[in-house]
Chemist: 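Take this structure, written in C-alpha cells, and hold onto it; I'll ask about it next.
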Amino acid sequence: MAQEDIFKKLVAHCKEYGFVFQSSEIYDGLSAVYDYAQMGVELKNNIKKYWWDSMVLLHENVVGIDSAIFMHPTTWKASGHVDAFSDPLIDNKDSKKRYRADVLIEDCIAKYDTKIEKEVKKAEKKFGDSFDKTQFMETNPRVLSNLKKKKELNDRFVKALEDNDLDELKQIIIDNGIACPVSGTKNWTDVRQFNLMFSTEMGSTAEGSSKIYLRPETAQGIFVNYLNVQKTGRMKLPFGIAQIGKAFRNEIVARQFIFRMREFEQMEMQFFVRPGDEIKWFDKWKETRMSWHKALGFSDDKYRFHDHEKLAHYANAATDIEFKFPFGFKEVEGIHSRTDFDLTKHQEFSGKKIQYFDPELNKNYTPYVVETSIGVDRMFLQIISEAYCEETIKKDDGKEDKRVVLKLPAALAPVKLAVLPLVKKDGLPEKAREIIDELKFDFNCQYDEKDSIGKRYRRQDAIGTPFCITIDHDSLDDNKVTIRYRDTMKQERVNISDLYDILKEEVALKTLFKKLK
Ligand code: GAP
C-alpha cells in the first residue's frame with residue numbers, strides 16, 4: 001500500500017479509536033489545531049513522563065520548571081523573535097494560495113533525491129546481487145548530473161537565506177519552474193517576511209493594555225529563570241533546566257496532521273556549561289538523545305542526524321534528529337549549541353547581571369548553553385505511525401482474518417491490561433473486577449464484557465493494549481487466567497497472583513530506561 005494511503009488510514013484510526021480529534025470539529029474544525037482524546041491523552045502523558053523522568057530523574061544535575069505561557073513582551077525583543085521569527089512567504093495570484101518560499105524550494109531540491117533513488121532502484125533490479133551501489137552512485141552519468149544540479153540549487157538557496165535576499169528566493173522559484181500545486185501556474189507575488197508569533201492584549205483599558213505574545217518556544221521561560229534556579233537550587237555548572245509546555249506559532253504551511261500545528265507542546269532542556277566546553281556537551285547530548293529515541297525499539301534505520309550547514313548567527317553547532325515518517329525523513333528534535341547568546345541578550349535588555357561565579361576558576365562569566373528541543377506532538381505522530389500495522393491472521397477455523405494492531409512500546413501504551421470475563425454471568429464479572437481492583441493502582445486497566453472474545457481482542461489491538469486476560473469458569477477454582485500477548489497473539493495460562501510481576505516487568509518505564517546509554 002502507498003505510504004500516503006497508510007497515512008490517511010492512520011489519521012482515520014486516530015479518530016475512530018479516540019486518540020486525536022480535530023479541534024472544534026462540530027464547527028468544521030480549526031486549521032492545524034487538534035485535541036487529544038481519551039486514548040491520545042494517555043499516550044501523550046506517557047511520552048511526556050518518559051522524557052521528563054529520563055531528564056530529571058536520571059540526571060542529578062537537571063531540574064525542572066513550569067513557567068507561564070505569557071511573558072514580559074521585552075523577552076521576545078531580547079530573544080530576537082519580534083524582529084526575526086518569520087517565514088518568507090509567497091502567494092500564487094491565480095489560486096490565491098500562500099506558501100513558504102523556502103519549503104517550495106526545499107521540495108524542489110528533494111525531487112533530485114527522488115530521481116536518484118529511482119535510478120538506483122532501476123539498476124538494482126537490472127544487476128541483482130552483483131549491484132554495487134557506491135560504484136553506481138560515483139559513476140552513473142544521470143546520477144552525477146542530478147547530484148550536480150541538486151548541489152548548485154542548494155548552494156544558491158543557502159546563500160539567498162544567509163543574505164536574507166527575498167528577491168533571489170523568488171528568482172530561484174521562477175528559474176526552477178516551480179508551479180503552484182493547486183493552480184499549476186507560475187504566477188507568483190514577491191516574497192515577503194511574515195512573523196509567526198500570535199499576539200494579544202493584556203489589561204482592560206485601551207491606555208493601560210500592552211501587547212503580549214503567546215510564547216513560540218518554551219526555552220525563553222528557562223533563560224529568564226536561569227538566575228533564580230541557579231541561586232535557589234545552589235546549582236553548580238554544568239547543570240540543566242527542563243520544561244514541558246505549550247508553544248504557539250502562526251504556521252502558514254500547516255499540514256501532515258499533528259506534524260505542524262499552530263498550538264503544540266515542546267519538551268526542552270537548556271544545559272548551562274562553562275564557555276569552551278559546549279562542543280563536548282553538544283556531542284554528549286546528541287548521543288544521549290539518540291539513545292532515548294532508539295530505546296523505543298523501532299528499527300535503527302528510521303533515524304538519522306541532519307547536521308545544519310547554515311547555522312543561526314547565535315549557534316556554533318546544530319543538528320536535527322530526523323525520523324522516517326510515512327511522508328519521509330523529518331525533524332523531530334533539535335539539538336543546538338546556542339553559545340551565550342540568550343543569556344547575554346536578557347542581561348542587556350533587562351539591565352540585570354546574569355553571570356555565574358565559577359569557584360574553580362575564581363571568576364565570573366556568562367554560561368554557554370546546549371539545548372535539546374523536541375515536540376511532544378511529533379513524537380506522538382512518530383510513535384503511532386510506526387506502531388500502526390495491518391496484519392492478515394489465521395483464525396481457529398483456518399480462515400483468514402484481518403487485524404489492525406498498534407504495536408506501541410508497552411511502557412507507552414494507553415491501556416496496559418484488558419480484563420475480559422468470558423461470559424457476563426456465573427461470577428466471572430465479579431472475579432474480573434476483583435483483579436482490576438488489585439492492579440488498578442499500578443496499571444491502567446480496562447474492563448470489557450461486550451461481544452465475542454475475538455471482537456474484544458480486536459478492539460484492544462486497535463488501541464495497542466499489550467496484555468489481555470480472559471476469566472473463565474476454571475478461574476473461579478484454580479485462580480488462573482489466560483493471558484494473551486498483543487504482538488504474538490500467544491496465549492498462556494498464568495496464576496492471578498503472578499499478574500503484577502508479569503506486567504511490571506514489561507510495562508514499567510524502567511524497561512526503557514535500562515536501554516539508555
Ligand atoms: N527552542 C528551540 C526551538 O523551538 P524548533 O526547531 O523551532 O526549536 C523544536 O522547535 C521542536 O519543536 C521541533 O523539532 C518540533 O519537534 C517541534 N515543533 C516546532 N514547531 C512545531 C509545530 N508547528 N508543530 C508541532 N511541533 C513543532
Side-chain angles (χ1 to χ4, degrees), residues 20 23 30-36 44 47-48 51 67 69 71 75-76 78-81 84-87 100 102-103 194-198 213-224 226 240-271 282 285-286 289-290 292-293 303-308 310-315 317-323 325 327 329-339 341-343 345-346 369-385:
V20 182
S23 158
L30 184 64
S31 172
V33 186
Y34 291 89
D35 297 338
Y36 286 86
K44 197 180 183 209
I47 293 170
K48 289 195 271 185
W51 183 86
S67 70
I69 288 172
M71 298 181 71
T75 308
W76 306 110
S79 66
H81 284 80
F85 191 57
S86 48
D87 281 340
R100 269 176 60 178
D102 55 334
V103 172
F194 176 87
N195 196 292
L196 298 181
M197 281 198 293
F198 285 104
Y213 298 97
L214 273 73
R215 65 180 178 200
E217 62 171 10
T218 59
Q220 297 305 324
I222 294 179
F223 289 124
V224 300
Y226 159 77
I241 305 178
Q243 161 155 245
I244 299 179
K246 290 267 182 160
F248 305 83
R249 294 182 191 178
N250 196 1
E251 299 282 4
I252 298 310
V253 185
R255 55 180 179 183
Q256 283 143 349
F257 193 35
I258 54 173
F259 182 81
R260 198 177 298 285
M261 301 155 89
R262 297 202 164 106
E263 174 181 339
F264 58 100
E265 216 165 349
Q266 289 185 314
M267 308 189 277
E268 298 200 294
M269 197 274 305
Q270 316 297 132
F271 200 70
F282 172 78
W285 279 109
K286 249 178 101 168
R289 294 302 305 144
M290 187 57 108
W292 182 89
H293 284 272
Y303 302 91
R304 71 180 186 196
F305 283 115
H306 170 232
D307 294 332
H308 291 202
K310 178 190 171 265
L311 291 171
H313 60 282
Y314 52 78
T319 194
D320 295 334
I321 294 180
E322 293 189 338
F323 182 78
F325 286 93
F327 41 83
F329 269 106
K330 297 277 174 202
E331 172 191 342
V332 175
E333 172 157 7
I335 301 162
H336 313 119
S337 173
R338 295 177 71 125
T339 65
F341 174 81
D342 302 84
L343 291 183
K345 283 284 171 196
H346 287 305
V369 173
V370 174
E371 165 186 78
T372 71
S373 174
I374 172 170
V376 180
D377 312 272
R378 277 193 199 172
M379 204 49 213
F380 184 107
L381 184 59
Q382 167 191 323
I383 290 169
I384 205 158
S385 58

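The figures that follow rest on heavy atoms only: side chains count, while hydrogens, waters and symmetry mates do not. Order of listing sets the numbers, starting from 1, for every ligand and every atom in it.
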Chemist: Indicate, with yes or no, if the rings of F323 and Y303 have centres closer together than 6.0 Å.
Modeler: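 Judged by ring-centre distance (under 6.0 Å), F323 and Y303 do meet the cut-off.
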Chemist: Tell me which one of E251, Q270, M261, E331 gets a heavy atom nearest to atom 24 (N) of ligand 1.
Modeler: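 Shortest heavy-atom distance from atom 24 (N) of ligand 1: M261.
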Chemist: I want to know whether F341 and H313 have ring centres closer than 6.0 Å.
Modeler: yes
Chemist: Considering only heavy atoms, which of R378, E268, E333 lies nearest to atom 3 (C) of ligand 1?
Modeler: E268
Chemist: Report the distance from atom OG of S23 to atom CZ of R262, rounding to the nearest 0.5 Å.
Modeler: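 CZ of R262 is found 11.5 Å from OG of S23.
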Chemist: Ignoring hydrogens and angles, tell me if any N or O in the side chain of N195 forms a donor-acceptor pair with the backbone of H81 under 3.5 Å.
Modeler: yes
Chemist: How far is atom 9 (C) of ligand 1 from the closest protein heavy atom, and which atom is that?
Modeler: S373 OG, 3.0 Å
Chemist: Under a 4.0 Å heavy-atom limit, does V332 contact ligand 1 with its side chain, its backbone, both, or neither?
Modeler: backbone
Chemist: Starting from atom 7 (O) of ligand 1, which protein heavy atom do you reach first, and at what distance in Å?
Modeler: R249 NH1, 2.9 Å
Chemist: So how far is it from Q220 CD to T75 OG1, rounded to the nearest 0.5 Å?
Modeler: 7.5 Å
Chemist: Ring centroids only, cut at 6.0 angstrom: are Y36 and Y34 within range, meaning strictly under it?
Modeler: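 Judged by ring-centre distance (under 6.0 Å), Y36 and Y34 do not meet the cut-off.
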Chemist: Is the contact between R338 and ligand 1 made by the side chain, the backbone, both, or neither, using heavy atoms and a 4.0 Å cut-off?
Modeler: side chain
Chemist: How far is atom 10 (O) of ligand 1 from its nearest protein heavy atom, and which residue and atom is that?
Modeler: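 Protein heavy atom with the smallest distance to atom 10 (O) of ligand 1: Q266 NE2, 3.4 Å.
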Chemist: Sequence neighbours excluded, which residues qualify as salt bridge (charged side-chain N to carboxylate O under 4.0 Å, His left out) partners of R378?
Modeler: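 Partners of R378 under the salt bridge (charged side-chain N to carboxylate O under 4.0 Å, His left out) test: none.
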Chemist: Go through the side-chain N and O atoms of D307 and T319 and say whether any donor and acceptor fall under 3.5 Å apart.
Modeler: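 Note: D307 and T319 side chains meet the donor-acceptor criterion.
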Chemist: At the 4.0 Å heavy-atom cut-off, does Q220 count as touching ligand 1?
Modeler: no
Chemist: Would you check the N or O atoms of G375, main chain and side chain alike, for any that come under 3.5 Å of an N or O of ligand 1?
Modeler: yes
Chemist: Would you mind running through ligand 1 and noting each atom that sits below 4.0 Å from a heavy atom of F259?
Modeler: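 By the 4.0 Å cutoff, the relevant atoms are 24 (N), 25 (C), 26 (N).
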Chemist: Who are the salt bridge (charged side-chain N to carboxylate O under 4.0 Å, His left out) partners of E265, not counting sequence neighbours?
Modeler: K44, K48
Chemist: What protein heavy atom is closest to atom 18 (N) of ligand 1, reported as residue, atom name and distance in Å?
Modeler: F264 CE1, 3.5 Å
Chemist: May I ask you to identify, for R260, whether its side chain, its backbone, both or neither come under 4.0 Å of ligand 1 on a heavy-atom basis?
Modeler: both
Chemist: Counting only nitrogen or oxygen atoms and a 3.5 angstrom limit, does I258 reach ligand 1?
Modeler: no
Chemist: For ligand 1, is any non-hydrogen atom under 4.0 Å from E371's backbone (N, CA, C, O), its side chain (CB onward), both, or neither?
Modeler: side chain
